[in-house]
Each structure stands twice: as C-alpha cells, then as structure tokens.
Amino acid sequence: MNNNLNRLIDCLIEGDQKAAVDETKSLLESGTPVEIVISHGVEQAMSQLDNKCTVEQFNLLEIMLSGRAVMGVMNVLYPPNQARVYTKGKVVLATLEGAVHDLGKNILRMILQTNGYEVIDCGKDCPVDKLVNTVKDEKPIAVGLSGLITTVIPKIVTVKSRLMEIGLDEVKVMAGGAALKQSTAERLNLDFLAQTAFDSLNYLSGFSRRLKDSN
Amino acid sequence: MTKTQRVKSAVSFNQAGKPVVIPQILAHSAVLSNVPIKEYLTSGKTLAKCQLNALKQYDHDGLFAFFDLGLEAEALGTKLFYPDRDYPNIKRYVIQDASDITLLTLPKINDAGRTPELLEAIKIMKAEVGSQVPIIGIFSGPMTILTQIMGMEKALFLAVDELDTFLTLLNFTTSFAVELARLMIHAGVSVPVLFDPSASPEIIPPQFFREFVQPKIREILLETKKAGCLFNWLNITGDITTIFPFVNIPEVDILNIDYSVDPEIAAEKIQQTCIDGNIKPLSFQEESEQFIFDKAKRLLKLFQRRKGFILSSGCEIPFDSKPENVKAMVKAASSWE
C-alpha cells in the first residue's frame with residue numbers, strides 16, 4: 001500500500017481532519033482513484049477504529065474527532081455537486097423523544113455513510129409516529145435507534161411492533177446507547193442490540209450479505 | 001443509631017450493625033406516590049413529599065434532593081420542554097455560537113430557574129428529618145453543565161479546537177456548581193453528590209479528565225467541605241476504572257461505581273474511600289426480587305471484610321422500578337448477619 005494511504009489511515013485514526021484532507025487531496029492529485037482511497041484508506045481506518053473500539057476503552061471524543069476527519073475526507077472525495085452512489089442499502093436513523101443526546105446516532109450515521117449505506121436521518125426528539133411514517137415512505141433495510149437514558153425504553157419497545165402492524169416485518173430494528181445496553185435485544189423487542197456503533201455496521205454487513213445471497 | 005450515624009460509620013470504615021443501603025431513588029418516588037413526573041420535577045413541596053413517602057415505604061438510608069440534569073442549564077438560560085412523564089428535553093441551548101459565550105454571566109442562583117423549588121424541597125425534608133437522615137443533594141459537575149448549555153458535540157469539539165475558550169467556560173461552570181452546592185448545603189443537604197456523567201471515560205479520554213476536569217472537581221469538593229457538608233459523594237458514571245487514580249483523592253468520601261465497573265477491582269484499587277454501588281439500574285425494572293436480593297447479597301459479601309461500602313444502584317433507578325425489587329435490596333441489607 002502506498003505511503004500516502006498509510007498516512008491517511010493514521011490521520012483518520014488520530015482524528016486530524018486537516019492532515020487527512022491534505023493527504024486525500026494529494027492522493028487524488030497523484031492519480032489515485034476515489035474507489036482506492038475509500039477501500040484502502042477510509043475503510044481500512046474504519047476497520048482499525050472498530051478493533052480499537054472493541055479492545056480498548058475508546059471514548060466519544062476520539063470517535064467524534066475521527067468521524068469529523070472522515071467526513072472531511074468524504075467531502076473532498078464526493079463534493080456536493082458530485083453525489084455519492086450508495087450501494088449497500090438504505091437505513092433510517094432516529095433518536096426518539098426523551099433520549100437527551102443524539103451523538104450516538106450521529107456517529108452511526110457517519111460510519112454507515114462512509115461504508116456505503118444511504119442514511120435517512122429523522123433527527124433527535126423524533127416521535128415514534130414520525131419514524132414509522134418515514135420507514136413506510138423510504139422502505140429501508142433497517143432502522144437504527146439510540147438511547148442514553150432508561151425512560152426512552154418504552155418507546156423503543158414499540159418500534160418493531162408498529163412496523164409489523166403495517167407489514168414491514170422485514171425491516172430490521174437495531175439500537176444502542178448507554179441505557180439500552182443494560183437490557184437485551186429480546187426485552188427491547190429489537191433484532192439487534194449494539195454495544196458499539198461498529199457493532200451495528202457489522203450486523204448490517206452480515207445481514208446485507210445474507211439478503212444479497214438469498215436474492 | 002440514626003441513619004446519618006450509620007452512613008458516617010460506613011464512610012469511616014467502622015461499620016457497626018447492618019449495612020447501609022441507599023438505592024438512588026429519584027423520580028421513582030413520584031411514581032410510588034402516584035404523582036405526575038412533571039409535577040415532581042417542578043415543585044419542591046412535591047419532591048419533598050414523595051421522597052419522604054419513599055423513605056417511609058422502603059426505610060433506606062437517605063433522602064435525595066434532585067430534579068434533573070437540566071436544572072443548572074435552565075438556570076443559565078437553556079430552554080427546556082417538560083413532557084408529562086419524562087425528564088425535560090433541551091429545546092434550545094443558551095450558547096448557540098461563540099459570541100454567546102462572552103454574554104454568559106453568573107445569575108443570582110437562588111432565584112434562577114427551579115433552584116428556589118429545589119432549595120424549598122431540601123428545607124422541607126430537613127425540617128422533617130433533622131439530622132437523623134442524610135439529605136443527599138445532587139448537583140451537576142462542570143463538564144455536564146458545560147455540555148448542557150451548548151450541546152455535547154459542540155462542547156467536545158470546542159475542547160479540541162479552542163482549548164482556551166473551553167477552559168474559560170469550564171471555570172464558569174465550576175463557579176456555578178460551587179455556588180449551587182453551597183446553597184444546597186446551607187438549605188440542609190449534608191451529603192452533596194457531584195454528578196458529572198459528561199466527564200465519564202466513555203466520553204472523554206482519561207488524560208483529558210486528569211488535566212482539565214479533575215482539578216475542577218477537587219476545587220468544587222474543597223468548597224463543599226468548607227461550606228460544612230458531612231461527606232462528598234462523587235458520581236461520574238460509566239466504567240471509571242481507567243480514572244480510578246484521579247478520583248481516589250482525599251476530597252472524595254464516597255465514590256460511586258456504576259454497574260459497568262467490576263466491584264472486585266474497585267475494592268482492590270480503591271482502598272481508603274467508601275464505595276457505593278453497583279446493581280444495574282434497569283434490573284430494578286426488568287428483573288425479579290430474587291435476582292436483586294442475590295445480587296445485593298453478593299456485593300455485601302464482597303465488601304464484608306473491606307467495609308467502607310454503601311449498597312446502592314449504580315445510578316438512578318428507573319421511574320417504573322418494581323417496588324418489591326427496591327424492598328428486596330433493602331431486605332438484603334437488613335437481614336445481613
């Protein structure tokens with residue numbers, strides 16, 4: 001792998017946005033295709049961050065800095081007038097009413113977009129009705145929810161049933177966050193309960209692969 | 001022996017009699033008293049009534065004075081929305097951009113937002129229980145106030161991009177925390193709890209905590225001691241194992257450990273400070289009485305020789321905790337031989 005790509009990976013892991021953007025520009029100027037910057041640079045960095053999240057106590061600040069650097073790079077690779085084609089499927093994200101912060105959701109959005117998923121973000125303080133209507137309109141492969149405090153649990157529990165009531169059984173519902181991690185997927189009526197944002201990506205990757213194979 | 005004396009004995013590692021048990025009963029006391037959450041969070045009289053009722057029903061070892069994490073931010077100008085049955089949500093942060101920072105001034109705290117209601121709750125509880133029962137007053141730490149006045153994302157990026165501005169703000173929120181804690185102590189709080197979930201190692205790196213946040217925490221806790229509190233209680237939340245060296249300090253008398261902390265490691269690493277914890281809060285809602293009872297017994301056994309332990313939940317128990325589960329926890333302590 002060329003040295004610039006290695007430097008890009010280091011900058012992304014260190015969360016140095018300016019240096020990461022400079023490395024990306026230099027890679028593009030030297031003729032490296034965008035796809036290679038993504039697959040051998042950005043995705044490699046994300047994979048290393050995933051490992052770091054699992055084996056070390058990785059904190060939000062470090063993830064946010066890496067996330068900001070990744071988004072800076074993505075903006076260079078796909079400027080606003082050159083929209084990226086998302087190939088891995090659509091995911092609807094929301095932080096439901098009462099969940100306090102939407103930081104977890106924003107990190108997941110960045111991870112999913114970087115990895116080729118189209119994200120429809122319902123924002124924070126999202127009522128369950130609005131989420132269900134969005135899923136109905138957008139027909140995603142999955143819904144991602146975040147919850148930092150336990151009071152959001154009664155709302156989380158209703159999402160899967162509400163989707164099933166309108167025939168959207170196949171849409172996977174996944175969630176994560178400090179409050180939810182105390183419980184289980186079964187008790188929260190979820191298809192998947194993530195411990196880290198990368199868990200959700202890995203779950204979706206496996207699920208998307210199975211979906212592709214069965215088609 | 002009064003409940004206050006029992007807590008004193010636990011903190012001083014001279015525990016005699018039954019173990020001290022303080023589940024973190026906050027707005028659950030409103031549900032227990034059939035009072036709307038919104039009323040509990042906005043009325044000092046109601047909070048005091050519900051806390052006293054919870055004490056009567058559970059016979060645990062402390063009363064809590066706390067509305068929610070929005071109290072300080074609201075007093076500083078952040079706009080909140082109060083759902084009927086939930087904690088308030090932030091509708092608009094008082095700091096929207098950098099220019100707002102220069103306009104921030106310390107308000108007259110005893111008149112700001114819901115502070116007068118909180119102080120009234122403390123005075124009512126104090127009048128009722130005197131010095132028999134510790135009144136535990138929770139106030140937000142400097143990182144949490146900071147994230148509640150400008151948003152977590154902005155606050156954390158500010159710390160990296162404009163450290164001087166961030167530190168100016170941290171000084172400001174520290175001053176606010178000191179003033180609020182003093183008022184609470186003067187109103188009757190004997191055990192102030194510095195609650196700073198935004199300073200958790202799950203949010204900021206341990207080195208960042210050591211360099212910037214821990215000195216502020218020490219500063220606040222020195223002031224609460226000067227104001228005459230019995231004990232300082234520190235609750236950071238999350239897995240705090242990596243910051244043990246920075247919270248195992250003389251200013252902290254009781255250190256909270258969340259459910260994600262291994263209590264055996266805490267018992268081994270924190271030798272001179274009373275520890276409280278650490279039953280998983282959600283299990284008070286989801287699990288059985290037997291589960292809570294067994295979990296409590298295991299903790300009591302683990303700390304039996306060490307002493308310096310308060311049986312507690314790792315954090316606030318949910319609104320809809322099963323009363324029989326709270327009773328099972330108290331029973332585990334009262335039946336301890």
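Every chain is numbered from 1, with letters handed out A, B, ... down the list of sequences. Quick note: numbers below take in every heavy atom, side chains included, and nothing from hydrogens, waters or symmetry partners.
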Self-check item: Any residue meeting side chain to side chain contact (heavy atoms under 4.5 Å, CB included) with B:Phe195, in chain and number order, not counting sequence neighbours
Solution: B:Leu69, B:Ile138, B:Pro197, B:Asn235, B:Thr237, B:Cys315
Self-check item: Under 4.5 Å from a heavy atom of chain B, the part of A:Ile63 involved
Solution: neither
Self-check item: Rounded distance (nearest 0.5 Å) linking atom OG1 of A:Thr151 with atom CG of B:Asp68
Solution: 11.0 Å
Quiz item: Between B:Glu153 and A:Arg68, is there a side-chain N and carboxylate O pair less than 4.0 Å apart?
Solution: no
Exercise. Enter the distance from B:Lys280:NZ to A:Ser183:OG here, rounded to the nearest 0.5 Å.
Key: 7.5 Å
Quiz prompt | chain B neighbours within residues 103-113 of chain A, where any heavy atom lies under 4.5 Å away | solution = A:Leu103, A:Asn106
Practice problem: Working to the nearest 0.5 Å, report the span between CG of A:Leu61 and CZ of B:Phe209. | Solution: 14.5 Å
Quiz item: So does B:Lys295 have more than 12 non-hydrogen atoms from other groups sitting under 6.0 Å from NZ?
Solution: no
Exercise. Rounded to the nearest 0.5 Å, what's the gap from CZ on B:Phe81 to CG on A:Asp125? Could you check?
Key: 8.5 Å
Quiz item: Got a donor-acceptor contact below 3.5 angstrom from the B:Glu202 side chain to the A:Asn59 backbone?
Solution: no
Quiz item: Are B:Pro281 and A:Gln182 close enough that some pair of their side-chain heavy atoms sits under 4.5 Å apart?
Solution: yes
Practice problem: Identify which part of A:Lys155 has an atom lying under 4.5 Å from any heavy atom of chain B, answering side chain, backbone, both or neither. | Solution: side chain
Exercise. To the nearest 0.5 Å, tell me how far A:Glu62 CD sits from B:Phe208 CZ.
Key: 11.5 Å
Exercise. Nearest 0.5 Å please: distance from the OG1 atom of A:Thr95 over to the CG atom of B:Asn89.
Key: 11.5 Å
Quiz item: What part of B:Asp161 gets closer than 4.5 Å to chain A, counting heavy atoms only: side chain, backbone, both or neither?
Solution: side chain
Self-check item: Taking every non-hydrogen atom, the tightest pair across A:Lys124 and B:Tyr93
Solution: NZ-OH, 3.7 Å
Quiz item: Under 4.5 Å between any side-chain heavy atoms of B:Phe319 and A:Thr150, yes or no?
Solution: no
Quiz item: Given that the side chain runs from C-beta out, which part of B:Pro318 has a heavy atom under 4.5 Å from chain A: side chain, backbone, both or neither?
Solution: both
